[in-house]
Asks: 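The structure under discussion is supplied below as structure tokens; questions concerning it will follow.
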Amino acid sequence: MSRPESSLGNTLRAWRARITTEDVGLPATRRRRTAGLRREELALLAGISTDYLLRLEQGRALRPSRDVVAALARALRLSTNETCHLHLVAGRLPPTPKGIPQQMPPGVQRLVSRWGNIPVGVFSASWTLLSWTSMWAALLGDPALRPPEERNLVRAVFKEPSDKEPSDMGHPLFPIEQSTAEFKAALVADLRITHGAYPHDEEFRALVGQVMSNSEEFRDLWSAPALGSRLGGHKRLRHPLVGEIFLDNDVLKVPDHDVRIVTYTAEPGTPDEEKLEYVRVAAAQTALPLSPG
């Protein structure tokens, strides 16, 4: 009976077939029986022997070292998800990223730029606000007027009562007064996922340590095994121009780049939609330059 081919072997052959010599800077040759890189070319790029690569592809070697898997991933120009998959089919745990991404991917930037009339904020996996629309600033306050350390949702939500801003300082960057126990549990549960995904991120560890030292509530939630519930929901906010306003709050995750897109929208045909539109118009008028007198 013939030996079944391994998932690792199938994966390597499939990804080798889609790479050309031009992709990796090797000189092109005229006669090639199959598409993609030859086995000896991939072996050269990965720094392993052709015989060992042959055994991997034939299923005669099933558990290459992490260094070999990483070298093959680089040679095959694999994406982050593909690299994780290659590690898994090779019987290895996927590599742990060193730090939390702090940049918005271009696709998310284009998407947010088209949502100018919607309050939208983009957060990192540590819940630091990376970018926002003008309507986000109009609804919740302009983040540009605050120092970067005050643009973190976790710090804002778990401030001690004595640290909360007095009411005469205007509305905060986040609807802190509506941070229910359910929302806080969900936020901390998401942070624990981030902690597992980025165990070597020193800045994130410092953030958790700081909030933990300042908030007993955070310490209790962090040590609880519960996963929490969804982060969004129906939120009540208080705005200085329109008073109380009820909005739907949705949180969309972009897994490949590990950012969270947070939106606030109003149900069509409701007074809340009218209030949100009033906030938008008022903000637009405020932003207009003064006409010459």
Side-chain angles (χ1 to χ4, degrees), residues 78-88 93-137 139-140 143 148 150-158 173-176 178-201 203-205 207-208 211 218 221-222 224-235 237 247-267:
L78 300 186
S79 67
T80 301
N81 285 342
E82 289 170 339
T83 299
C84 290
H85 178 73
L86 184 62
H87 277 78
L88 290 173
L93 290 175
T96 302
K98 292 183 179 180
I100 295 173
Q102 297 295 332
Q103 301 293 328
M104 280 209 312
V108 173
Q109 290 179 339
R110 290 190 293 269
L111 184 66
V112 172
S113 69
R114 287 165 172 76
W115 286 351
N117 291 336
I118 300 175
V120 179
V122 181
F123 291 79
S124 70
S126 60
W127 284 98
T128 296
L129 187 61
L130 302 176
S131 182
W132 56 89
T133 61
S134 58
M135 267 301 290
W136 177 280
L139 180 68
L140 297 170
E150 292 187 17
R151 299 176 198 165
N152 182 271
L153 179 62
V154 184
R155 285 195 182 98
V157 166
F158 288 99
L173 298 183
F174 316 107
I176 299 173
Q178 298 308 314
S179 298
T180 63
E182 182 182 27
F183 171 80
K184 289 179 179 179
L187 178 61
V188 175
D190 190 69
L191 281 180
R192 283 201 300 269
I193 294 173
T194 299
H195 177 69
Y198 305 95
H200 306 302
D201 190 302
E203 189 172 334
F204 177 74
R205 292 171 64 181
L207 168 67
V208 172
V211 180
F218 181 85
L221 288 171
W222 185 263
L227 294 179
S229 58
R230 67 188 296 263
L231 282 162
H234 198 57
K235 299 293 177 67
L237 289 77
L247 298 173
D248 289 322
N249 173 220
D250 292 286
V251 180
L252 315 173
K253 289 190 178 182
V254 185
D256 286 351
H257 301 278
D258 213 0
V259 295
R260 289 95 169 103
I261 303 174
V262 179
T263 67
Y264 287 94
T265 57
E267 183 179 351

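From a predicted model like this one, the values you see are computed outputs, not experimental measurements. If you read the sequence from its start, that first residue is 1, and numbering goes on from there.
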Asks: Tell me whether the centres of the aromatic rings in Phe158 and Phe218 are closer together than 6.0 Å.
Replies: yes
Asks: Lys184 versus Leu221: any side-chain heavy-atom pair under 4.5 Å?
Replies: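 They are in side-chain contact.
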Asks: Compare all side-chain heavy atoms of Trp132 with those of Leu140 and state whether any distance is below 4.5 angstrom.
Replies: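 Contact flag for Trp132/Leu140 side chains = no.
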Asks: Taking side chain as C-beta onward, heavy atoms only, is Leu191 less than 4.5 Å from Trp222?
Replies: yes
Asks: What's the separation between atom CG in Leu78 and atom NE2 in His87, rounded to the nearest 0.5 Å?
Replies: 10.0 Å
Asks: Between the main-chain N or O of Val120 and the side-chain N or O of Thr133, is there a donor-acceptor pair closer than 3.5 Å?
Replies: yes
Asks: For the pair Ser131 (side chain) and Val122 (backbone), establish whether a donor and an acceptor sit closer than 3.5 Å, ignoring hydrogens and angles.
Replies: no
Asks: Could you tell me the separation between the CG atom of Asp258 and the CD atom of Gln102, rounded to the nearest 0.5 Å?
Replies: 10.5 Å
Asks: Is there a donor-acceptor pair under 3.5 Å between the side chain of Arg151 and the backbone N or O of Pro143?
Replies: yes
Asks: Counting only heavy atoms from other residues, nucleotides and ligands, does the tally under 6.0 Å from CD of Gln109 exceed 12?
Replies: yes
Asks: Is there a side-chain contact between Leu139 and Leu247, using heavy atoms and a 4.5 Å cut-off?
Replies: yes
Asks: Please name the pair of heavy atoms, one in Arg110 and one in Arg114, separated by the smallest distance, quoted to 0.1 Å.
Replies: O-NH1, 3.1 Å
Asks: Give a yes or no answer on whether the side chain of Asp201 reaches the backbone of Ile100 with a donor-acceptor pair at less than 3.5 Å.
Replies: yes
Asks: Minimum heavy-atom separation for Trp136 and Gly121, please, with both atom names.
Replies: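 So the two residues come closest at CE3-N, 3.2 Å.
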Asks: Quick one: are Leu88 and Pro94 in side-chain contact, heavy atoms under 4.5 Å?
Replies: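 Yes - at least one pair of side-chain heavy atoms lies under 4.5 Å apart.
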Asks: To the nearest 0.5 Å, how far apart are CG in Leu153 and CZ in Phe183?
Replies: 5.0 Å
Asks: Would you call Trp127 and Thr194 a side-chain contact if the rule is heavy atoms closer than 4.5 Å?
Replies: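 Not touching, per the 4.5 Å side-chain cut-off.
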Asks: Side-chain donor-acceptor pair under 3.5 Å between Thr263 and Thr265, yes or no?
Replies: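 The answer is no; no qualifying pair exists.
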Asks: Around Glu267, counting heavy atoms of other residues, nucleotides and ligands shown, do more than 12 lie under 6.0 Å from its CD?
Replies: no
Asks: What's the spacing between Ile118 CD1 and Ile261 CD1 if we round to 0.5 Å?
Replies: 11.5 Å
Asks: Can you tell me how far apart CD (Glu150) and CG (Leu129) are? Round to the nearest 0.5 Å.
Replies: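 Reported value, rounded in 0.5 Å steps: 12.5 Å.
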Asks: Measure the spacing between CG of Asp190 and CG of Leu231 and express it to the nearest 0.5 Å.
Replies: 5.5 Å
